[in-house]
Amino acid sequence: LRLRPVPGLSAVLLAVTIGAAEAGDLSLGLGGGVARSKIDRFVDFTVDFPYWTAGFRVRQASAPPVSALLELEIGHFSKSQESTFNAPEVALYKRSARRDLHLGINLLVETPGDRVRFFIGPGFGAHFLEDESTQTTTYPLWPYANWSYASNTSETKLGFHALAGLEARVSHRFGLCATARYDYLKADAPSMIKLYGGLWVDLLKAPPAAR
């Protein structure tokens, strides 16, 4: 995947997270699920991509009944799809592939609770996209009519998203999380719906119990 740099974005997001961590609890999360999107911008049907994500979450003390969360995240999905058709007169091969590496930040609010907490909020970030499309058509009886097509594009898109989910605490420092999310990308890039779950581990200290 060829990435186009976003000058200073990684450094800014990391500095914000480290600075906020000094005043709150820091957690590390790892998860996976599915991202539903078009296989490429030229094909009008959606595909479920395997999606993986990791992030750091800072929980800030705030006035009840909610807490503020700042989350720095990275996510990735990649998938290719092939199809063939063979007949005595013609043979067709087609392949499409799409990859997305996402770096972003979420600003969330969370309800208090000892066992189950709900969160919701917006976010934004950069999507490093790569699309591939290949098609080859051959005519055994008329080889002069054979033709092929190939396209490979790589670009960076700014995206905005909204997410909601819940975290179920399973111990003093561990929690299981389920999230639903919608990503909107600027220009003509396909939007995405993501459903994923994962494990969060408190790195500094466990969140205080609800009063």
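Position 1 is the first residue of the sequence, and the numbers go up from there.
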Query raised in the report: Quick one: does I74's side chain get under 4.5 Å of L101's, heavy atoms only?
Result: yes
Report task. Just jot down the side-chain hydrogen bond (donor to acceptor under 3.5 Å, both in side chains) partners of R36, sequence neighbours excluded, or say none. Result ->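 With sequence neighbours excluded, R36 shows a side-chain hydrogen bond (donor to acceptor under 3.5 Å, both in side chains) to D48, given in chain and number order.
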Are [X] and [Y] in one and the same hydrophobic cluster, where Ile, Leu, Val, Met, Phe, Trp and Tyr link if side-chain heavy atoms are under 4.5 Å apart?
| X | Y | result |
| --- | --- | --- |
| F118 | L163 | no |
| W147 | V90 | yes |
| L166 | L108 | no |
| L70 | L203 | yes |
| Y139 | Y149 | yes |

Requested in this report: Sort out for me which residue in T53, V34, D100 forms a side-chain contact (heavy atoms from CB on, under 4.5 Å) with F77.
Outcome: D100
**Report entry** Pair E71-F119, side chain to side chain contact (heavy atoms under 4.5 Å, CB included): steps then yes or no
**Finding:** CA-CA 12 Å; E71 182 179 308; F119 58 87; 5.9 Å; no
Query - Closest contact, heavy atoms only, K79 versus P50 - result: CD-CD, 4.3 Å
Query raised in the report: Parallel under 30°, tilted from 30 to 60°, perpendicular over 60°: which one fits the rings of F160 and F124?
Result: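 Tilted, since the angle between the ring planes falls between 30° and 60°.
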Query raised in the report: Does any N or O in the side chain of S96 come within less than 3.5 Å of the main-chain N or O of Q81, such that one atom is a donor and the other an acceptor?
Result: no
N/O donor to acceptor pairs below 3.5 angstrom from side-chain atoms of residues 192-200, sequence neighbours left out:
residue : atom : partner : partner atom : Å
K194    : NZ   : D183    : OD2          : 3.4
Y196    : OH   : R181    : NH1          : 3.4

Query raised in the report: So S80 and R95, side chain to side chain contact (heavy atoms under 4.5 Å, CB included) or not? Walk me through it.
Result: CA-CA 7 Å; S80 62; R95 179 180 183 273; 3.5 Å; yes
Query - Pair H102-H161, ring pair (Phe, Tyr, Trp, His ring centres under 6.0 Å): steps then yes or no - result: CA-CA 12 Å; H102 169 240; H161 51 266; 5.5 Å; yes
